[in-house]
Amino acid sequence: MNTVQQVESLRAALAGLRREGPIAFVPTMGNLHDGHLALVREARRHADSVVVSIFVNPLQFGANEDLDSYPRTLREDQQALEAEGVALLFAPTVEVMYPVPLAQQTRVEVPGISGLYCGASRPGHFAGVATVVCKLFNMVQPDLAVFGKKDFQQLMVIRRMVRDLAMPVQVLGLDTVREADGLAMSSRNQYLLPQEREQAPLLYQTLRETAARISEGERDYEALAAAVCSKLAQAGFRPDYVEIVDSRTLLPPAPDSRHIVILAAAWLGAARLIDNIEISVGSSGEE
Ligand code: PAF
């Protein structure tokens, strides 16, 4: 596997790969776990070559967030990607990615959904994500790109950006990879203290129980979301939001909505955990 830091060397390496066939791309912030490796495996199923990027993107972190402490493990990540048969790793520095001061960087705004839920708690976050993903797409020019559904809202923002800007990239979403006890894999899980780690699966358990109630016909989504919040709060979480919305619009479900998603974010100690569960209503039950 070739690791490059500069855009020129990336483009030179890509020219060779492109002759071999379609290129799939997996953008990451590194500190790779099995969830990331599942994205890489999915990418390999769809293309001849897989390109991965590792870049901790300052533009998507708020002023008081964990940009400085975000785990950076490039050497281990390289070994894991090599073992997965990744052709090319792009690991730019901040100066390569943003040669102009961040305040002067052109940004990509996806209006509407970027201001909801995670976007309301983390102002500017999704503009930071959309901007870096847009730049990475322009640099790599992949045929397709794979993102995890754990970041459900992020996937939606990226799909909208690709649609609205007519980017020639197919975007695939992959189901969340979980630990044996159900906790969604995330680099931020390592911020949990041992006792918090034991409690953390309650988030997904509660979402599953609520999804089952919706599948059984309950439709008072506000009451259901409030019940999730209070159960989490009683267990020591600090819920940021719990929303039960139409998974196509991320807005409150209409009476005829068939595709529902429960989106949740909650703090447990120093970790902000996010998770979600999709439910099909009025047909075959939970997806
Ligand atoms: O999901 C992530 O790891 C990041 O938000 C992404 C998509 C790599 C953009 O920095």
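Computed from a predicted structure; not experimentally measured. Order of appearance sets the numbers: ligands from 1, and atoms from 1 within every ligand.
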Which residues satisfy the ring-ring contact (aromatic ring centres under 6.0 Å, His included) test with Tyr191, sequence neighbours excluded? none

Applying side-chain hydrogen bond (donor to acceptor under 3.5 Å, both in side chains) as the test, list every pair that has at least one member in residues 32-54; sequence neighbours left out. Arg41-Glu84, Glu42-Arg45, Glu42-His46

For a quick check under 3.5 Å, do Ser114 and Glu109 share a side-chain donor-acceptor pair by atom type? no

Residue pair Asn189 / Glu179, side-chain donor-acceptor N/O under 3.5 Å: no

Residue pairs passing the side-chain hydrogen bond (donor to acceptor under 3.5 Å, both in side chains) test where at least one lies in residues 229-238, sequence neighbours excluded: Glu209-Lys231

Between ligand 1 and the protein, find all N/O pairs closer than 3.5 Å and give the distance for each.
unit_1: ligand 1; atom_1: 1 (O); unit_2: Gln154; atom_2: NE2; d: 2.9
unit_1: ligand 1; atom_1: 5 (O); unit_2: Gln60; atom_2: NE2; d: 3.0
unit_1: ligand 1; atom_1: 5 (O); unit_2: Gln154; atom_2: OE1; d: 2.7
unit_1: ligand 1; atom_1: 10 (O); unit_2: Gln60; atom_2: OE1; d: 2.6

Going by atom types only, do Tyr98 and Asn57 share a side-chain donor-acceptor pair under 3.5 Å? yes

